[in-house]
Number of protein chains: 2
Amino acid sequence: MSDDQNQEPSSQSRLTYAPAGEQPDDLELDTLVREIIGRVADKWTMLALETLTEHGPLRFTRLGELIGGVSQKMLTKTLRQMEADGLVTRTVFPVIPPRVEYRLTELGLSLSEAFCGVWIWAEQHRTTIAQARQTFQERRAASDA
Amino acid sequence: MSDDQNQEPSSQSRLTYAPAGEQPDDLELDTLVREIIGRVADKWTMLALETLTEHGPLRFTRLGELIGGVSQKMLTKTLRQMEADGLVTRTVFPVIPPRVEYRLTELGLSLSEAFCGVWIWAEQHRTTIAQARQTFQERRAASDA
DNA sequence: TGCGCCAGGTACCCAAAGGAGAGTAACGTG
DNA sequence: CACGTTACTCTCCTTTGGGTACCTGGCGCA
């Protein structure tokens with residue numbers, strides 16, 4: 001094996017693994033996909049997505065109530081990000097008191113559908129997971145003793 | 001609807017929205033599912049899941065290389081959590097130097113399949129998202145001016 | 001005239017996420 | 001006898017996530 005492609009001088013001192021060799025265009029695509037995954041695979045994003053899918057267009061406060069346990073700050077931040085990514089539209093009605101409506105776009109709806117499988121998985125396997133955690137705890141407790 | 005369950009005294013001063021009224025058992029299930037989602041919908045978990053699905057059983061360092069950009073610390077933490085949730089098995093071969101193999105369980109594989117739709121979604125819509133971000137930035141720059 | 005309404009913005013703060021680097025065990029090889 | 005090997009753990013540090021609280025604006029209402 002020629003190691004001329006391997007540009008790490010000493011095999012040590014690299015504690016964060018660099019991506020293993022790939023074609024540059026594949027790597028580029030991969031990076032982009034990862035970045036997207038990192039953004040949409042967010043707790044609040046997923047919850048907002050699901051809530052909007054279930055209840056249709058909602059205004060700010062109502063959406064917060066339905067999601068539950070979210071602070072204004074995070075709700076605002078999450079919705080701004082989703083808006084930036086084109087997952088929701090934000091419509092401001094110039095009335096007093098203000099009224100802002102959040103509505104899923106086609107893109108947002110398609111993501112919601114893609115995530116649907118994960119929700120179903122979580123519901124179906126929750127008991128299995130709970131059980132796995134139980135046995136894992138017990139085994140660790142046993143190995144500690 | 002009776003609001004005798006609604007114990008907020010003044011509608012103000014509650015900046016984090018409490019979950020809107022639901023049946024207690026539904027709420028319990030919901031909490032559990034949310035907790036699961038919060039754990040599996042993690043960046044490193046998803047990447048590890050996908051890597052193990054694509055490459056089959058892997059040992060620690062190789063898995064880190066294939067995932068790319070992950071530190072040992074996070075890799076260890078992620079794998080421990082996945083093990084605790086029953087998504088992977090961790091097999092230690094008592095040899096020198098140590099050899100540890102990580103392998104997806106049936107549960108892990110099923111989750112991977114559930115996530116598959118999200119990966120496909122991300123790949124399919126990446127240009128749309130990039131475009132949405134572009135226009136969002138431009139609109140914000142325009143409104144600033 | 002002053003409070004409440006909705007949808008935030010902003011400042012302050014703490015906790016968790018996560019990276020960098022060193023250390024470790026136990027053996028094989030030079 | 002020192003070095004490399006793997007799969008970690010540990011400490012130190014910075015960054016981010018996220019909660020609490022206080023502020024605005026314009027109108028209706030008491």
Side-chain angles (χ1 to χ4, degrees), chain A residues 3 8-19 34-35 38-39 41-48 57-83 88-103 140 143-144, chain B residues 8-18 34-35 38-39 41-48 57-83 88-103 140 143-144:
Chain A
D3 55 347
E8 352 191 17
S10 69
S11 54
Q12 202 61 14
S13 87
R14 169 83 65 249
L15 282 314
T16 295
Y17 305 111
R34 273 159 196 242
E35 195 263 352
R39 277 177 80 147
D42 168 67
K43 183 186 169 189
W44 298 128
T45 303
M46 289 186 63
L47 289 172
L58 291 166
R59 50 198 301 193
F60 186 82
T61 304
R62 182 66 183 145
L63 180 54
E65 287 170 359
L66 288 172
I67 290 176
V70 64
S71 66
Q72 301 174 336
K73 188 175 138 184
M74 286 315 296
L75 185 55
T76 304
K77 194 179 165 188
T78 303
L79 288 171
R80 284 288 130 74
Q81 180 137 330
M82 291 175 74
E83 191 195 357
V88 296
T89 57
R90 178 171 174 273
T91 312
V92 183
F93 297 92
V95 295
I96 302 293
R99 173 191 173 86
V100 179
E101 193 185 80
Y102 292 92
R103 179 189 295 262
R140 220 175 47 161
S143 68
D144 278 357
Chain B
E8 355 192 17
S10 70
S11 54
Q12 202 63 16
S13 85
R14 168 86 61 247
L15 284 314
T16 296
Y17 305 110
R34 273 159 195 240
E35 195 263 352
R39 277 178 80 149
D42 168 68
K43 184 187 170 190
W44 297 128
T45 303
M46 289 186 64
L47 290 171
L58 291 166
R59 50 199 299 193
F60 186 82
T61 305
R62 183 65 183 145
L63 180 54
E65 287 171 359
L66 288 172
I67 290 176
V70 65
S71 66
Q72 297 178 335
K73 187 175 140 183
M74 286 316 295
L75 185 54
T76 303
K77 193 179 166 188
T78 303
L79 289 172
R80 283 290 131 75
Q81 179 137 330
M82 291 173 75
E83 192 195 355
V88 295
T89 57
R90 177 171 174 272
T91 313
V92 182
F93 296 92
V95 295
I96 302 291
R99 173 189 172 87
V100 179
E101 194 186 79
Y102 293 92
R103 181 189 295 262
R140 220 176 47 161
S143 68
D144 278 359

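Just so you know, these numbers come straight off a predicted model, no measurement behind them. Residue numbers start from 1 in every chain, and the chains themselves are labelled A, B, ... in the order their sequence lines are given, proteins ahead of strands.
Contact annotation: A:R99 side-chain N/O to C:dA7 OP1/OP2 distance is not under 4.0 Å. For the OP1/OP2 pair of C:dA7 and a distance below 4.0 Å, the side-chain nitrogens and oxygens of A:R80 include no atom meeting the criterion. Phosphate proximity of C:dA7 to A:R59: present, with a side-chain N or O under 4.0 Å from OP1 or OP2.
Among D:dA7, D:dG18, C:dG9, the nucleotide with an atom closest to any side-chain atom of A:W44 is D:dG18. You'll find that the side chain of A:K73 is closest to D:dG18, out of D:dC8, D:dG18, C:dG9. Ranking C:dA7, C:dG19, C:dG9 by closeness to the B:M74 side chain, first place goes to C:dG19. With D:dA7, C:dG18, C:dG8 as the candidates, the nucleotide lying closest to the side chain of B:F60 is D:dA7. Side chain of B:T16, nearest nucleotide from C:dG8, D:dG19, C:dC6: D:dG19. Among D:dT6, D:dG17, D:dT9, the nucleotide with an atom closest to any side-chain atom of A:K77 is D:dG17. Of the candidate nucleotides D:dT20, C:dG8, D:dA7, D:dT20 has the atom nearest to the side chain of A:S71. Ranking D:dT9, C:dG8, C:dC6 by closeness to the A:T76 side chain, first place goes to C:dG8.
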**Q.** Sequence-aligned protein contact record of nucleotides 25-30 of chain C, with B where the base is within under 4.0 Å of a protein heavy atom and S where only the sugar-phosphate is
**A.** -BS---
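In this structure, the CD atom of A:Q72 is 13 Å from the P atom of D:dC22, given to the nearest Å. Atom pair B:Y17:OH and C:dA7:C1' shows a separation of 8 Å (rounding to whole Å applied). One interatomic measurement links the two molecules: CD1 of B:I67 to P of C:dG19, which rounds to 12 Å at whole-angstrom precision. We find that CD of A:E65 is positioned 9 Å from P of C:dC6, with the value rounded to whole Å. Rounded to an integer number of Å, the gap from A:R39 CZ to D:dT16 C1' is 14 Å. The CG-P distance, from A:L47 to D:dG18, rounds to 11 Å in whole Å. Taking atom CD of residue B:E83 and atom C1' of nucleotide D:dC8, one finds them 13 Å apart after rounding to whole Å. In this structure, B:L79 places its CG atom 14 Å from P of C:dG18, rounding to the nearest Å.
The aromatic rings of B:Y17 and A:F60 sit perpendicular to each other, their planes meeting at more than 60°, with 30° as the lower class boundary.
If you take CZ on A:R39 and NZ on B:K43, they are separated by 12.5 Å, rounding to the nearest 0.5 Å. Within the model, atoms CD of A:Q81 and OG1 of A:T76 stand 12.5 Å from one another, a figure rounded to the nearest 0.5 Å. Atoms CD and CZ, from B:E65 and B:R59 in turn, are 10.5 Å apart once rounded to the nearest 0.5 Å. If you take CG on A:L75 and CZ on A:R80, they are separated by 9.5 Å, rounding to the nearest 0.5 Å. In this structure, CG in B:L47 is found 11.5 Å from CG in B:L66, a value given to the nearest 0.5 Å. To the nearest 0.5 Å, the span separating CZ on B:R99 from OG1 on B:T91 amounts to 10.0 Å.
Comparing A:Y102 and B:D42 along DNA chain C, the residue whose closest nucleotide (by nearest heavy atom) sits nearer the 5' end is A:Y102.
When heavy atoms are screened at a 4.0 angstrom cut-off, B:F93 is found touching no nucleic acid atom at all.
Here the side chains of B:T78 and B:V70 are not in contact, with every heavy-atom distance at 4.5 Å or above.
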